[in-house]
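Read through the structure below, which is laid out as structure tokens, and then see the notes.
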Amino acid sequence: MYHIKAFLCCLMASTFLFACNAEKKQVQLTSPNGNIALDFKLSDNGIPEYAVKMNGRSVIAPSSLGWELKNASLSQGFKVASIEERSVDEKWQMPWGERKKIENHYNQSQIVLQQGEQKVTLTFRAFDDGVAFRYEIPAMADSIFLMEEKTQFNFVEDMQAWWIHADYDSYERLYQNTPLSKVPDANTPITFESADQKVFASIHEAALTDYAGMTLKKEGDLGFKSVLVPWPDQVLVRAKGELKSPWRTIQLAEKAGDLITSDIILNLNEPNKIADTEWIKPMKYIGVWWGMHIGHQTWTMGERHGATTEHAIDYIDFAAKHNIPAVLFEGWNTGWENWGAKDAFDHITPYADFDLDKVAAYCKEKGIELIMHNETGGDIPSYEALMEKAFSTYQELGSNAVKTGYAGGIIPRGQYHHGQYMVRHYRKVVETAAKYHLMIDAHEPIKDTGIRRTWPNMMTREGVRGMEWNGWSDGNPPSHHLIIPFTRGLSGPIDYTPGIFDLKYERYDNRIAWNTTAEIMDEARINTTLAKQLALFVTLYSPLQMASDLIENYEGHPAFQFIRDVPCDWDETHILDGKIGKHMITARRDGNNWFLGGATDEEARTLTVDFSFLPKGKKYDATLYADSEETELKHNPGAYRIEKIEVDASTKMNIPCAQSGGFAISVFEK
Ligand code: NOJ
Ligand code: CA
């Protein structure tokens with residue numbers, strides 16, 4: 001299915017160079033369709049500045065750039081040494097993703113700045129869906145130590161913003177919605193909407209490689225400044241050779257949904273480095289996981305141990321019977337009783353009641369893929385010492401994927417999850433995994449910046465407040481699922497782990513598992529209807545997509561048919577309707593079939609699906625899984641209806657959704 005040809009970019013690049021104009025202090029760059037314009041200039045005292053317009057409207061006011069190194073201040077006194085311009089228009093194919101064909105079309109200005117003998121190269125790109133820039137500082141006699149990156153993003157209007165705080169260790173927070181003037185600091189992506197809803201924007205970064213993650217800090221009334229996550233000694237980035245920043249990105253769109261279908265982040269990454277991609281395959285999975293989060297089972301060995309050989313066999317049988325290609329067993333390896341201590345986890349030795357060889361052999365016999373689990377507890381030296389041996393063992397066992405985890409503070413202490421030290425580590429894991437033909441699903445990761453283009457075994461990651469929070473906290477509110485596709489989702493695939501059918505899980509005593517208050521545990525549940533859980537398989541994209549409930553809650557359930565049918569690799573994606581934090585409808589195509597997901601926040605509403613995206617003249621068999629008249633979020637969230645309908649391009653369907661409800665539709669060509 002995954003041909004090498006998918007990786008061979010269909011190169012249709014028309015690249016050309018313009019003459020340099022060293023006298024110039026100003027550069028105007030427009031996107032290929034002319035809708036987006038970036039103006040660069042040097043201020044009177046030689047400070048580099050840029051500003052951005054969309055459809056003639058100023059969005060980013062003049063914003064300055066500058067760098068403080070340990071031994072040099074590169075903040076002013078620059079002259080333009082040279083300017084080089086070019087245009088690129090090429091098409092390339094993703095081996096897997098939300099769509100296959102991608103267009104990379106932009107105009108670029110590369111400006112070499114000079115301050116005395118010191119050079120800094122700035123590269124600006126204008127796409128039809130946003131702008132991006134990066135800087136390079138050439139290698140110096142000694143290492144370069146970056147102490148401050150002074151990139152500003154000054155907005156013109158006080159737009160609405162959806163944001164999470166600039167936490168250096170976690171993205172697992174609930175999003176806040178305030179005017180941007182009230183955002184004190186933020187992680188990226190952060191998303192904005194103008195008052196007249198004509199401008200949607202998002203700030204993020206692309207190709208984060210051997211650098212520190214960027215956060216934003218309020219500066220002035222309507223501005224932000226970049227703040228990079230530091231090393232323990234307060235250095236932000238260390239470079240032995242040249243210092244090359246990730247791309248700073250400003251996505252721009254006229255509709256919220258167009259932010260989601262933008263490919264700007266992927267386009268700014270390097271092409272694929274893995275020659276043979278046959279072994280990389282998107283897949284749904286089930287596993288021994290939710291049982292631990294609701295206190296029904298344990299990761300440690302004991303009476304309630306989840307990952308026993310017996311349970312594993314049940315899960316493998318269920319997967320084989322129900323078109324689920326892969327299984328995950330957390331708590332299979334020794335060390336969970338020492339979680340938090342140094343060198344706690346052994347990623348090679350299984351617990352005595354988990355016969356790894358037998359489980360792996362049974363997977364092979366049944367044609368099911370085995371996803372290995374590596375919780376590190378944040379202990380990086382310990383994991384790196386074992387990793388190579390562990391990964392080669394997994395390959396020998398026939399496994400093709402690893403879910404990693406970094407719950408807890410990082411060892412060495414003083415390092416943060418999102419600093420350069422960890423950016424290097426996360427990449428090392430991806431590259432080592434590629435060597436052993438393993439795909440990666442990273443939990444507590446560094447944010448996605450599109451590196452799946454370069455390393456297509458970097459499948460999915462958490463970095464979001466996912467399903468687990470519904471097991472042991474006050475949970476995720478109904479609007480959460482309508483915010484994350486427009487914020488966190490802009491960076492790449494999300495391992496949210498949807499698909500809980502037993503939404504109140506009252507049969508299980510979760511109080512025994514977690515050290516939190518009885519009130520929280522009594523209230524803990526999933527704050528959606530069952531139909532909305534199905535919708536998330538479409539609205540939240542992940543190439544490794546978990547159906548996360550215990551299999552006993554799926555067995556014999558008619559709505560499980562949708563999970564059996566829905567793929568997690570697509571030819572095309574459309575956002576048919578979307579209002580950030582309120583509601584959305586997503587349609588994705590796989591071959592001749594389509595799958596739709598629609599969802600609402602705490603407000604019950606009727607969503608209308610217009611099927612005019614279907615090719616004209618063709619008839620389809622659609623199955624609708626929706627909230628029923630009996631569905632009620634608080635008391636009866638599991639009620640649903642299934643309806644079979646014939647649809648074509650002229651069909652319009654009104655679908656009533658309960659509070660925090662939704663729908664899923666499978667559409668098969670007749
Ligand atoms: C946190 C991860 O997000 C979750 O999926 C996992 O089960 C636990 N850590 C244990 O590794
Ligand atoms: Ca987590």
Side-chain angles (χ1 to χ4, degrees), residues 29-31 33-39 49-63 65 106 124-133 151-164 166 175-183 185-206 214-226 246-268 447 449-450 482-492 575 578-582 584:
L29 185 66
T30 48
S31 65
N33 69 4
N35 291 351
I36 292 177
L38 184 142
D39 287 319
E49 283 181 2
Y50 75 97
V52 182
K53 284 188 187 141
M54 177 170 129
N55 298 329
R57 172 170 171 174
S58 281
V59 180
I60 301 290
S63 302
L65 306 171
Y106 61 84
F124 291 97
R125 287 185 184 170
F127 299 80
D128 291 338
D129 49 357
V131 299
F133 55 89
T151 303
Q152 289 184 333
F153 302 90
N154 293 329
F155 281 80
V156 174
E157 298 165 34
D158 196 4
M159 299 164 94
Q160 282 296 310
W162 284 265
W163 55 280
I164 50 174
Y175 278 81
Q176 308 200 41
N177 174 209
T178 67
L180 76 83
S181 57
K182 300 276 184 305
V183 180
D185 54 72
N187 268 320
T188 73
I190 173 173
T191 297
F192 307 94
E193 176 187 286
S194 67
D196 62 2
Q197 296 181 22
K198 288 193 173 145
V199 179
F200 294 85
S202 174
I203 296 177
H204 188 43
E205 57 183 314
M214 177 181 76
T215 72
L216 301 177
K217 188 170 190 293
K218 186 74 186 308
E219 195 176 63
D221 288 343
L222 299 176
F224 298 102
K225 172 186 177 286
S226 61
W247 293 93
R248 299 341 190 172
T249 59
I250 306 171
Q251 272 181 247
L252 293 164
E254 291 170 27
K255 285 193 289 191
D258 291 347
L259 290 176
I260 297 176
T261 49
S262 163
D263 294 319
I264 204 169
I265 303 290
L266 288 169
N267 275 328
L268 289 161
K447 60 186 162 182
T449 57
L482 283 311
I483 297 174
I484 57 175
F486 298 94
T487 49
R488 156 67 180 82
L490 304 185
S491 65
I575 309 302
K579 175 122 185 64
I580 306 174
K582 300 287 179 199
M584 78 183 302

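Only this structure's heavy atoms are used, side chains among them; waters, hydrogens and symmetry mates stay out.
- I265 and Q251 make their closest contact through CG1-OE1, 4.1 Å (heavy atoms, listed as atom of the first residue, atom of the second, distance).
- Considering CD1 of I483 and NZ of K582, their distance stands at 9.0 Å, rounded to 0.5 Å.
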**Prompt:** Given the rule in the side-chain contact (heavy atoms from CB on, under 4.5 Å) test, do V59 and F192 qualify, once you have shown the distances and angles that lead to the verdict?
**Reply:** CA-CA 11 Å; V59 180; F192 307 94; over 6 Å; no

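- Ring planes of F155 and F224: perpendicular class, angle over 60° (limits at 30 and 60°).
- A side-chain donor-acceptor contact under 3.5 Å links K218 to the backbone of S181.
- Within 6.0 Å of atom CG in N33, more than 12 heavy atoms from other residues, nucleotides or ligands are found, so the atom counts as buried in its surroundings.
- Counting heavy atoms from C-beta outward, L65 and R248 have side chains that stay 4.5 Å or more apart.
- Within the model, atoms CZ of F200 and CD1 of I260 stand 11.0 Å from one another, a figure rounded to the nearest 0.5 Å.
- Surrounding NZ of K53 are at most 12 heavy atoms belonging to other residues, nucleotides or ligands under 6.0 Å away.
- At least one side-chain heavy atom of R57 sits less than 4.5 Å from a side-chain heavy atom of K198.
- For W163, the ring-ring contact (aromatic ring centres under 6.0 Å, His included) test picks out H165, with sequence neighbours left out.
- For the atom pair NZ of K447 and CZ of R488, the computed distance is 11.0 Å after rounding to the nearest 0.5 Å.
- Using modelled atom types, one side-chain atom of N154 and one backbone atom of P62 make a donor-acceptor pair closer than 3.5 Å.
- Between the side chain of N177 and the main chain of A161, a donor-acceptor pair closer than 3.5 Å is present.
- A heavy-atom distance below 4.5 Å is not found between the side chains of T191 and Y175.
- Between F153 and Y50, the angle of the ring planes goes over 60°, which puts this pair in the perpendicular group of the 30/60° scheme.
- Pairing each heavy atom of G34 with each of T30, the nearest pair is CA-CB, 4.5 Å.
- Between P179 and M159 there is no side-chain heavy-atom pair separated by less than 4.5 Å.
- Atom OG of S491 and atom NE2 of H204 lie 4.5 Å apart (nearest 0.5 Å).
- Nearest heavy-atom pair across E157 and S194 is OE1-CB, 3.9 Å.
- Expressed to the nearest 0.5 Å, how far CD1 of I164 lies from OG1 of T487 amounts to 7.5 Å.
- Side-chain N or O atoms of W247 include one that pairs as donor or acceptor with a backbone N or O of L268 at under 3.5 Å.
- Contact of the L216 side chain with the T188 side chain is registered, since non-hydrogen atoms from C-beta on lie closer than 4.5 Å.
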Please lay out, stage by stage, how M584 and F486 fare under the test side-chain contact (heavy atoms from CB on, under 4.5 Å). CA-CA 10 Å; M584 78 183 302; F486 298 94; 4.1 Å; yes

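- Using modelled atom types, one finds no donor on one side chain facing an acceptor on the other under 3.5 Å when comparing E254 with N35.
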**Derivation of the side-chain contact (heavy atoms from CB on, under 4.5 Å) call for E205 and T449** = CA-CA 6 Å; E205 57 183 314; T449 57; 3.8 Å; yes

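- Residue D129 comes nearest to S262 through the heavy atom pair OD2-OG, 2.9 Å, listed as atom of the first residue, atom of the second, then distance.
- Of the residues listed (I190, D221, D158), the one engaging L180 in a side chain to side chain contact (heavy atoms under 4.5 Å, CB included) is D158, and it is the only one.
- Side chain to side chain, D128 and S31 meet the donor-acceptor criterion of an N or O pair below 3.5 Å.
- F127 places none of its side-chain heavy atoms less than 4.5 Å from the side chain of L252.
- Remark: side-chain polar atoms of S63 are paired, donor with acceptor, to backbone N or O of A61 under 3.5 angstrom.
- Minimum interatomic distance between A256 and I580 (heavy atoms only, all atoms of both residues): CB-CG1, 3.9 Å.
- Residues I36 and M54 come closest through the heavy atom pair CG1-CG, 4.4 Å.
- Contacts classified as salt bridge (Lys or Arg N to Asp or Glu O under 4.0 Å) and involving residues 255-267 (residues at least two apart or in different chains) are given here: R99-D263.
- Separating the CG atom in L259 from the OG atom in S202 is a distance of 6.5 Å, to the nearest 0.5 Å.
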